[in-house]
Amino acid sequence: MIIVTGATGLLGRQIVERLLTRVPAAQVGVSVRDPGKARAFADQGVRVRHGDFADPGSLAHAFEGATQVLIVSIDALGDEAVRGHRAAIGAAVAAGARRVLYTSHMAAGASSRFQACRDHAATEEALRACGVPFTSLRNGFYAASAVRFLSQAMRSDQIVLPADGPVSWTAHEDLADAAAAVLADEGRIDGPTPPLTAARALTFDDIAGIAGDVSGRAVTRAVAPDDAFRRQLTEHGVPDEYAGHLIDIFVAARAGEFATVDPALAGLLGHEPTPLSSVVRKHLPGA
């Protein structure tokens, strides 16, 4: 029994969909906070159970009989994220899982300038100490984030964002395929994976060119000072702490934390990863 958490989220849902092309539905279970949202999986024969990282009792039931548990990182930062991940790791071990997997980040590290990457590093430390084999999927930076930045920044055909650096923007679909491949071949990768990235690292100067190609218009790139951009975010209702975390993405990018490219993802997929231009064209038609 392979258990996947967060299976109604953007990444978790796609992982389960792709896993079902590799293993029988009777061997797949999902742990979700709202089982009603996973009805489509239940209809296919997937075991659907309520599981909440804040409720260890629910995780014991959701993970029952698991041989592998894939913990999809939660949408939180700092202590809340690490505490939830640790609870899920502990529950997976208690359930008797032979392997615990986790969706980490290519730049996971205790000294990262981006809080989420420090959280991933702390979670990986918990995995190393959990006493059973683990796999940490060090995913490239989600291409969907670039699309969100692009959609919010386009004003009069101009992308106005803080100074950045090259980022290996990587498609959710590719990362879901890779996770499914690793789950279906237990033990294929032990410990942290190499960075699972797209084939190119791009700056927002490059992305402006992509947006221009997609829209058929001339799109330029302008740099906003960090402080001015943060004020703009808070003036539009973004909480100050969250605005700071967004700025830190650009700070970390300028330091080269997300610039690595690696062939490991292509090896798992059996083909080249999806380029960012295809993601932009699919999710932001007309830019």
Side-chain angles (χ1 to χ4, degrees), residues 5-13 32-34 37 51-55 71-88 102-126 139-156 158-165 167-170 172 175 203-204 207 211 221-258 279-280 283-284 287:
T5 75
T8 55
L10 183 57
L11 181 60
R13 174 180 54 78
V32 293
R33 284 184 293 180
D34 183 354
K37 293 182 178 179
D52 187 330
F53 288 10
D55 179 2
I71 299 167
V72 177
S73 55
I74 61 176
D75 186 16
L77 292 169
D79 290 342
E80 180 184 357
V82 178
R83 187 167 55 247
H85 296 154
R86 285 176 176 160
Y102 171 70
T103 59
S104 187
H105 196 284
M106 62 177 293
S111 61
S112 173
R113 294 156 182 82
F114 182 36
Q115 178 67 55
C117 291
R118 299 194 294 273
D119 299 341
H120 288 303
T123 300
E124 288 189 355
E125 284 301 311
N139 290 341
F141 214 114
Y142 296 145
S145 296
V147 173
R148 282 195 293 271
F149 278 126
L150 179 60
S151 63
Q152 294 166 2
M154 290 282 288
R155 298 292 184 272
S156 302
Q158 186 176 59
I159 299 173
V160 183
L161 291 168
D164 64 322
V167 176
S168 304
W169 301 109
T170 310
H172 272 85
L175 295 170
T203 66
F204 272 99
I207 294 171
R221 162 76 159 108
V223 173
D226 290 359
D227 289 345
F229 189 72
R230 183 169 183 164
R231 283 196 303 273
Q232 180 184 353
L233 290 173
T234 56
E235 287 168 0
H236 284 81
V238 177
D240 185 66
E241 182 178 12
Y242 185 68
H245 290 312
L246 290 176
I247 294 296
D248 287 345
I249 294 174
F250 293 89
V251 174
R254 293 197 293 262
E257 291 190 29
F258 313 131
V279 179
V280 172
H283 295 286
L284 200 68

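Note that the CG atom of Leu161 and the CD atom of Gln232 stand 9.0 Å from one another [nearest 0.5 Å]. In this structure, CZ on Phe258 lies 4.5 Å from SG on Cys117, to the nearest 0.5 angstrom. Between the CG atom of Leu77 and the CG atom of Asp79 there is a distance of 11.0 Å, given to the nearest 0.5 Å. Between atom OH of residue Tyr102 and atom OG1 of residue Thr123 there is a gap of 3.5 Å, rounded to the nearest 0.5 Å. Once rounded to the nearest 0.5 Å, the distance linking NE2 of His85 with CZ of Phe53 reads 6.0 Å. Leu233 CG to Ile247 CD1: the interatomic distance, rounded to the nearest 0.5 Å, is 6.0 Å.
Scanning both residues, Gly84 and Ile74, for their nearest heavy atoms gives CA-CD1, 4.5 Å. In this structure, Ala163 and Phe250 approach most closely via the heavy-atom pair O-CB, 3.5 Å. When all heavy atoms of Val238 and Ala243 are compared, the pair lying nearest together is CG1-N, 3.8 Å. For the residue pair Arg13 and Leu10, the shortest heavy atom distance occurs at NH2-CD1, 3.8 Å. The heavy-atom pair separating Gly12 from Val72 by the smallest distance is CA-CG2, 4.3 Å. The two residues Phe204 and Ala146 make their nearest non-hydrogen contact at CE2-O, 4.2 Å.
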side-chain contact (heavy atoms from CB on, under 4.5 Å) between Thr170 and Asn139, intermediate numbers included: CA-CA 8 Å; Thr170 310; Asn139 290 341; over 6 Å; no
CA sep, side-chain torsions, deciding dist, call: Phe229, Leu246, side-chain contact (heavy atoms from CB on, under 4.5 Å): CA-CA 10 Å; Phe229 189 72; Leu246 290 176; 5.6 Å; no
Ser145 and Arg148: CA distance, side-chain angles, deciding distance, side-chain hydrogen bond (donor to acceptor under 3.5 Å, both in side chains) verdict: CA-CA 5 Å; Ser145 296; Arg148 282 195 293 271; 3.3 Å; yes
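Ser73 places a side-chain N or O within donor-acceptor distance of the main-chain N or O of Thr103, the cut-off being under 3.5 Å. Distance alone, capped at 3.5 Å, places no donor-acceptor pair between the Ser112 side chain and the Ala108 backbone. When atom types are taken as modelled, the side chain of Asp119 and the backbone of Ala81 share no donor-acceptor pair closer than 3.5 angstrom.
Under a cut-off of 6.0 angstrom, the local environment of CD in Gln158 is crowded, with over 12 non-hydrogen atoms contributed by other residues, nucleotides or ligands. Heavy atoms from other residues, nucleotides or ligands lying under 6.0 Å from CZ of Arg221 number more than 12. The number of heavy atoms from other shown groups lying within 6.0 Å of CG (Asp240) is above 12.
Taking the ring-ring contact (aromatic ring centres under 6.0 Å, His included) definition, one finds that Phe114 meets it with nothing, sequence neighbours left out. Checked against salt bridge (Lys or Arg N to Asp or Glu O under 4.0 Å), Arg254 has the following partners two or more places apart in sequence or in another chain: Asp226.
We find that Arg118 and Asp248 are not joined by a salt bridge, their nearest charged nitrogen and carboxylate oxygen being 4.0 Å or further apart.
At a threshold of 4.5 Å between non-hydrogen side-chain atoms, the residues Phe141 and Ile249 count as touching. Within the 4.5 Å cutoff, side-chain heavy atoms of Val279 are placed close to those of Val147. Val280 has its side chain within reach of Leu150: a pair of non-hydrogen atoms, C-beta onward, lies under 4.5 Å apart.
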